[in-house]
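Residue numbers begin at 1 in each chain, while the letters A, B, ... track the order of the sequences.
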Protein chains: 2
Amino acid sequence: MTRPMAQNDTVEAFLDAAERLLITIGYAGISARRLAEEAGANHGLIHYYFGSMEQLLIQVLERFTSRLIARQTAMYAADVPFLEKWRTAMGYLDQDFASGYPKIWLELQALAWNHPEVQERLAQVNAQWRAVLTEALAKAMADYRIDTEQFPVEAVVALAMTFQEGIFLERLGGITEGQVELLDMIDRWLVRLERAKTDGRHEHHEGALS
Amino acid sequence: MTRPMAQNDTVEAFLDAAERLLITIGYAGISARRLAEEAGANHGLIHYYFGSMEQLLIQVLERFTSRLIARQTAMYAADVPFLEKWRTAMGYLDQDFASGYPKIWLELQALAWNHPEVQERLAQVNAQWRAVLTEALAKAMADYRIDTEQFPVEAVVALAMTFQEGIFLERLGGITEGQVELLDMIDRWLVRLERAKTDGRHEHHEGALS
DNA sequence: ACATGGATTATACACTTGTATAAACCACTC
DNA sequence: GAGTGGTTTATACAAGTGTATAATCCATGT
């Protein structure tokens with residue numbers, strides 16, 4: 001083992017630079033030389049360490065998605081009321097957008113639309129995310145005594161996921177109309193469920209949507 | 001007026017070809033020569049008719065979004081129960097995906113993330129779409145006697161929009177899990193509202209979400 | 001019949017693209 | 001201190017990029 005430090009440093013510099021460029025100019029604007037400049041390294045090293053630009057972007061994807069899953073898992077695995085998990089997740093929204101996180105995520109999605117191998121990897125990430133969310137929501141719906149025949153867990157999970165992705169998409173398009181009201185509405189709704197649960201009058205809790 | 005037919009034909013051929021390429025390879029993969037080949041025209045004509053590739057893509061955006069708005073407006077402006085409008089909209093989903101419609105839409109979104117002028121145009125489209133949906137939903141919620149204090153119209157509109165965009169995004173990523181169940185769930189919920197309305201017992205209709 | 005002028009073609013330009021490779025570097029071991 | 005080998009640099013290459021322009025085509029109006 002000669003000098004793995006230096007190697008890792010350079011590799012990470014490239015991956016970091018790639019994420020930065022995904023945020024600022026998008027995947028379509030990333031070229032080998034532009035990336036090397038951003039990373040403060042020689043562009044010949046891309047071939048040396050990654051073999052090709054495509055392989056580099058795939059490594060960006062791998063690193064980014066593994067981080068994403070780790071966070072989602074940690075958040076929803078906590079043993080706290082679902083309301084609290086939800087608020088934590090929603091609390092991330094603003095700081096996430098400030099950090100450029102969703103831009104990276106959606107740029108990788110856009111990349112995947114035209115690259116089947118990337119698409120497959122993202123599908124796996126999606127599946128893991130869905131699994132985490134399913135577990136958390138199944139537990140929450142049991143706690144809140146929600147009728148899973150009228151409201152199947154998979155359907156609620158799908159709603160939560162499309163909701164989250166839609167929020168990302170709209171915000172990245174610079175659209176924020178109605179989102180505060182929507183988040184407030186959901187919060188009030190969860191508070192009501194939480195209250196109904198702790199009240200103990202479970203026989204028939206009305207007013208969820210009317 | 002020399003030969004406007006021919007001119008229009010060529011211009012349309014380029015715009016059509018661009019839409020086709022957005023579906024198959026995405027905006028990042030479109031080059032002037034590849035586009036001209038797809039359009040069956042000389043690539044010099046791009047400069048002749050559009051001035052630049054960027055202007056061409058903007059015209060693609062204009063034509064596509066104006067069609068989109070026309071359809072949305074026509075659909076939600078009809079004087080039928082909201083349930084029917086919703087079913088029509090959801091019925092479009094499958095055939096839309098078969099036609100590549102959402103791929104074009106999302107590719108243009110992805111383009112907009114890194115091009116402010118395009119972003120502005122898409123924001124306008126979004127605003128119009130929101131306006132149409134707001135009118136339809138406000139009417140529906142009044143019909144269904146939904147408490148707009150607990151469930152503000154803007155919040156419900158935002159939910160409907162993020163929902164639709166999330167569906168597009170997931171399907172384009174090849175993900176369909178839970179979507180059928182979700183659409184069924186929403187449909188059942190709307191049916192219940194519709195039934196409650198026609199029954200005439202409006203004093204206190206329970207069971208919306210429990 | 002012929003000139004007009006928009007439409008089309010072929011070609012040219014300077015530049016960027018991804019990838020490859022030989023040379024140079026340099027911290028380390030023997 | 002010479003040699004070793006991973007790391008880095010500079011450079012090369014063919015191909016592709018967007019844009020521009022002169023030449024050509026050809027349906028039209030006179």
Side-chain angles (χ1 to χ4, degrees), chain A residues 1-22 24-61 107-108 110-112 114-118, chain B residues 1-22 24-61 107-108 110-112 114-118:
Chain A
M1 129 177 12
T2 52
R3 256 173 309 161
M5 267 309 271
Q7 179 175 139
N8 275 341
D9 281 358
T10 306
V11 167
E12 296 267 312
F14 272 110
L15 298 181
D16 290 342
E19 288 195 354
R20 256 174 282 137
L21 288 183
L22 283 179
T24 53
I25 58 176
Y27 86 94
I30 299 182
S31 72
R33 286 164 181 81
R34 179 95 176 70
L35 175 64
E37 186 194 24
E38 177 75 30
N42 189 287
H43 79 272
L45 293 174
I46 291 172
H47 176 250
Y48 183 72
Y49 283 116
F50 301 93
S52 71
M53 276 297 283
E54 189 174 0
Q55 284 305 309
L56 187 149
L57 278 178
I58 287 179
Q59 288 213 25
V60 170
L61 172 72
E107 282 287 342
L108 290 173
L111 175 66
N114 308 294
H115 293 74
E117 356 149 22
V118 178
Chain B
M1 174 180 318
T2 52
R3 256 172 309 159
M5 265 311 272
Q7 180 177 137
N8 274 340
D9 280 358
T10 306
V11 167
E12 296 266 312
F14 272 110
L15 298 181
D16 290 342
E19 288 195 354
R20 257 175 281 139
L21 289 182
L22 282 178
T24 52
I25 58 176
Y27 84 93
I30 298 182
S31 73
R33 286 165 182 80
R34 180 92 175 73
L35 175 64
E37 186 194 23
E38 177 75 29
N42 189 285
H43 79 271
L45 292 173
I46 292 172
H47 174 252
Y48 184 73
Y49 284 116
F50 301 93
S52 71
M53 275 298 283
E54 188 174 359
Q55 285 305 309
L56 186 149
L57 279 179
I58 287 179
Q59 289 212 24
V60 171
L61 173 73
E107 282 288 341
L108 289 173
L111 176 66
N114 307 294
H115 297 264
E117 358 150 21
V118 178

To the nearest angstrom, how far is [X] atom [atom1] from [N] atom [atom2]?
X	N	atom1	atom2	answer
B/Asn8	C/dT8	CG	C1'	16 Å
B/Arg33	C/dA10	CZ	P	13 Å
A/Ile46	D/dT7	CD1	P	16 Å
A/Leu45	C/dT21	CG	C1'	13 Å
A/Ile25	C/dT17	CD1	P	10 Å
B/Tyr48	C/dT11	OH	C1'	18 Å
A/Ile58	C/dG18	CD1	C1'	15 Å
B/Leu35	D/dT19	CG	P	12 Å

When all nucleic acid strands are considered with a 4.0 Å heavy-atom cut-off, which category describes A/Leu56: base, sugar-phosphate, or nothing? nothing
The answer to which of B/Gly40 and A/Gly29 contacts DNA chain C further toward the 5' end, by nearest nucleotide, is B/Gly40
Respond yes when some side-chain nitrogen or oxygen of B/Ser52 is under 4.0 Å from OP1 or OP2 of D/dG18, and no when none is. no
Main-chain N/O of A/Ala17 paired with A/Glu38 side-chain donor or acceptor, under 3.5 Å: no
Protein and nucleotides 20-24 of chain D: nitrogen or oxygen contacts under 3.5 angstrom:
from: D/dA20; atom 1: OP2; to: B/His47; atom 2: NE2; distance (Å): 2.7

